[in-house]
Amino acid sequence: MKPSSKPSEGKRFILSSLTFIFFLCAFASINEIRFESLFKLGRCALSNSPLPLSSSSEMSTLAPNSSSDDIRILIGILTLPDQYHRRHFLRLIYGTQTPVGAQVDVKFVFCNLTKEDQKVLVALEIMRYDDIIILNCIENMNKGKTYTFFSSLPEIFNSSDRPYPPYHYVMKGDDDTYLRLDKLVESLRPLPREDLYYGYVIPCPSMDPFVHYMSGMGYLVSWDIAEWIRESEIPKNHLEGPEDKVFGEWLRDGHRAKNRFNAKWSMYNYPEPPTRCTHELWPDTIAVHLLKNQEKWIHTLKYFNVTTNLKPSKLYHIP
């Protein structure tokens with residue numbers, strides 16, 4: 001048998017397969033270059049676009065209506081560890097308020113825990129709500145608790161991973177005070193964010209915030225004053241006495257709070273019993289003080305129609 005002069009069928013198949021693979025590689029290389037060029041062109045076009053681009057992580061840290069210009073307020077409500085029912089009630093009061101253009105954090109503030117049940121129940125509250133600050137102090141009203149609160153804040157909240165200041169304003173409030181957060185934010189919007197002292201001027205007939213001090217029902221200062229309280233020797237050497245009066249004396253002796261705002265009569269004591277510090281409930285209220293019982297709270301909440309946004313549902317019927 002004579003050998004064939006043509007390549008065998010197997011060799012022809014291998015040769016044609018190699019040729020086809022080479023063609024595919026060349027085609028893929030050409031298209032990869034084109035795709036990369038298109039990708040760069042598209043990226044360039046997006047970078048010149050007037051619309052901002054946000055990563056998913058950035059979006060997840062921002063509330064839908066939030067802004068870097070929003071006012072940041074920390075409200076510390078000074079209370080006692082055993083006041084569980086009062087804290088749960090106040091969570092309803094403040095948790096249903098949604099002030100626009102502001103971040104308002106309400107925290108409950110007390111000194112070191114002293115009972116076994118507190119260690120369990122308060123720990124559960126923290127796990128559930130994360131709204132408690134426990135100060136390193138012995139529980140008291142007029143022997144330095146307010147100083148410990150304000151002086152601890154820079155150490156607690158100043159951090160490289162959050163904006164500075166962490167809060168523009170810090171407010172000390174009583175647990176028998178009803179604060180209307182939207183009205184509070186509205187009143188703060190035009191005010192300075194440095195060297196500010198804000199509240200209800202004492203004595204009650206006075207309208208001059210530079211004479212005495214602000215009532216303990218709820219007074220507010222800018223963040224720089226909290227930092228000054230931490231650093232200055234003036235507060236450290238004068239801790240005892242009516243806490244709101246002592247606070248005002250710190251600022252006087254330290255020549256602080258050149259910017260002062262009297263929120264009277266948007267802040268006042270509950271109308272009954274009538275005194276020189278009381279006022280009838282009225283729509284422009286920021287704070288009502290001395291709500292010492294359930295009846296006064298309910299009367300106040302009904303006046304301000306706090307349940308007006310309750311959605312209808314088949315699950316309940318409230319006339």
Side-chain angles (χ1 to χ4, degrees), residues 52 54 57-79 87 90-91 93-109 126 129-135 146-175 177-200 209 214 216-231 247 251 256-263 266-267 285-287:
S54 299
S57 61
E58 289 171 333
M59 293 294 289
S60 66
T61 60
L62 298 176
N65 298 319
S66 66
S67 165
S68 59
D69 295 328
D70 286 355
I71 298 174
R72 297 187 294 275
I73 307 169
L74 173 65
I75 300 176
I77 299 178
L78 272 59
T79 184
R87 286 196 293 278
L90 291 176
R91 286 185 181 111
I93 300 301
Y94 295 117
T96 53
Q97 298 188 53
T98 54
V100 177
Q103 172 195 333
V104 182
D105 292 341
V106 178
K107 304 287 187 183
F108 299 100
V109 182
I126 294 171
Y129 301 107
D130 192 25
D131 61 359
I132 288 174
I133 297 175
I134 302 177
L135 304 173
T146 298
Y147 168 76
T148 305
F149 169 58
F150 281 98
S151 64
S152 299
L153 295 178
E155 180 181 1
I156 294 173
F157 291 106
N158 278 344
S159 173
S160 59
D161 61 354
R162 61 189 302 164
Y164 181 85
Y167 296 98
H168 298 112
Y169 304 110
V170 182
M171 187 173 206
K172 174 265 168 184
D174 285 348
D175 62 6
T177 298
Y178 171 51
L179 291 166
R180 300 180 71 212
L181 302 183
D182 54 346
K183 292 295 183 181
L184 174 65
V185 170
E186 183 181 329
S187 69
L188 289 171
R189 205 174 299 283
L191 300 184
R193 295 186 179 182
E194 293 183 352
D195 210 24
L196 177 72
Y197 184 30
Y198 167 114
Y200 175 97
M214 306 295 185
M217 72 167 76
Y219 53 84
L220 174 146
V221 294
S222 50
W223 184 259
D224 58 300
I225 290 183
E227 292 186 323
W228 173 79
I229 291 172
R230 178 175 178 81
E231 297 165 1
F247 192 95
L251 301 182
R256 295 284 162 166
K258 293 181 176 60
N259 300 308
R260 301 194 177 199
F261 182 82
N262 177 21
S266 292
M267 301 176 73
T285 295
I286 293 173

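Not measured: the values here are computed from a predicted model. Throughout, numbering of the chain's residues begins at 1 and tracks the sequence.
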A.B. asks: Given side chains that start at C-beta, do those of R72 and P163 come closer than 4.5 Å, heavy atoms only?
C.D. replies: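 Yes, close enough: below the 4.5 Å cut-off.
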A.B. asks: How close do P209 and M214 get, heavy atom to heavy atom, and via which atoms?
C.D. replies: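 Closest pair (atom of P209, atom of M214, distance): CB-CE, 3.7 Å.
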A.B. asks: Any idea which heavy atoms bring H168 and P165 closest together, and the distance?
C.D. replies: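 Where H168 meets P165 most closely, the heavy atoms are CD2-CG, 4.1 Å.
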A.B. asks: Take a 6.0 Å sphere around CD of Q97 and say whether it holds more than 12 heavy atoms from other residues, nucleotides or ligands.
C.D. replies: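 For Q97, atom CD is crowded (more than 12 foreign heavy atoms under 6.0 Å).
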A.B. asks: Could you measure the distance from the CG atom of L74 to the CZ atom of F149? Nearest 0.5 Å is fine.
C.D. replies: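 It comes to 5.0 Å.
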A.B. asks: Quick one: closest heavy-atom pair of G76 and V109, and the distance?
C.D. replies: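 Smallest interatomic distance, heavy atoms only, reads CA-CG2, 3.9 Å.
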A.B. asks: Checking D195 now: which residues fulfil side-chain contact (heavy atoms from CB on, under 4.5 Å) with it, not counting sequence neighbours?
C.D. replies: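 Once residues adjacent in sequence are excluded, the partners of D195 under the side-chain contact (heavy atoms from CB on, under 4.5 Å) criterion are D224, I225, R256, K258, N259.
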A.B. asks: Test Y169 against every option in I75, V221, L196 by the side-chain contact (heavy atoms from CB on, under 4.5 Å) rule and name the one that passes.
C.D. replies: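 Result for side-chain contact (heavy atoms from CB on, under 4.5 Å) with Y169: L196.
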A.B. asks: Sequence neighbours left out, what passes ring-ring contact (aromatic ring centres under 6.0 Å, His included) with Y200? Give chain and number order.
C.D. replies: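 W265.
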A.B. asks: Find the distance between CZ (R230) and OG (S152) and round it off to the nearest 0.5 Å.
C.D. replies: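 It is 7.0 Å, given to the nearest 0.5 Å.
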A.B. asks: Whether the side chain of Y94 engages the backbone of L179 through a donor-acceptor N/O pair (distance < 3.5 Å, no angle test) should be reported.
C.D. replies: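 Flag set: sc Y94 to bb L179 pair under 3.5 Å.
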A.B. asks: Hey, what do you get for CD1 (I286) to CE (M267), rounding to the nearest 0.5 Å?
C.D. replies: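 Nearest 0.5 Å value for the CD1-CE distance: 7.0 Å.
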A.B. asks: Output the distance between atom CG (L191) and atom CZ (R260), rounded to the nearest 0.5 Å.
C.D. replies: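 Reported value, rounded in 0.5 Å steps: 14.0 Å.
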A.B. asks: So T146 and Y219, do their side chains get closer than 4.5 Å, heavy atoms only?
C.D. replies: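 Yes; the side chains approach each other to less than 4.5 Å.
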A.B. asks: When you look at F150 and F247, which way does the ring pair (Phe, Tyr, Trp, His ring centres under 6.0 Å) test go after all the steps?
C.D. replies: CA-CA 10 Å; F150 281 98; F247 192 95; 5.0 Å; yes
A.B. asks: When you look at M171 and L184, which way does the side-chain contact (heavy atoms from CB on, under 4.5 Å) test go after all the steps?
C.D. replies: CA-CA 11 Å; M171 187 173 206; L184 174 65; 4.0 Å; yes
A.B. asks: Where do I73 and L181 land on the side-chain contact (heavy atoms from CB on, under 4.5 Å) test, with the steps shown first?
C.D. replies: CA-CA 10 Å; I73 307 169; L181 302 183; over 6 Å; no
A.B. asks: Closest heavy-atom contact between L153 and W223?
C.D. replies: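 So the two residues come closest at O-CH2, 3.7 Å.
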A.B. asks: If you round to the nearest 0.5 Å, how far is CE of M217 from NZ of K172?
C.D. replies: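 Going from the NZ atom of K172 to the CE atom of M217 covers 10.0 Å.
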A.B. asks: Kindly give the heavy-atom pair with the smallest separation between T285 and R180, and that separation in Å.
C.D. replies: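 Shortest heavy-atom contact: O-NH1, 3.1 Å.
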A.B. asks: Please step through side-chain contact (heavy atoms from CB on, under 4.5 Å) for the pair I71 and R193, ending with a clear verdict.
C.D. replies: CA-CA 9 Å; I71 298 174; R193 295 186 179 182; 3.4 Å; yes
A.B. asks: Restricting to non-hydrogen atoms, name the atom on T96 and the atom on I93 that form the minimum distance, rounded to 0.1 Å.
C.D. replies: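 Residues T96 and I93, closest heavy atoms: OG1-O, 3.4 Å.
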A.B. asks: Before you tell me yes or no, could you show the steps for Y167 and R162 under side-chain contact (heavy atoms from CB on, under 4.5 Å), namely the whole-Å CA-CA distance, both residues' side-chain angles and the distance that decides it to 0.1 Å?
C.D. replies: CA-CA 10 Å; Y167 296 98; R162 61 189 302 164; 4.0 Å; yes
A.B. asks: What's the spacing between T148 OG1 and I229 CD1 if we round to 0.5 Å?
C.D. replies: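 CD1 of I229 is found 11.0 Å from OG1 of T148.
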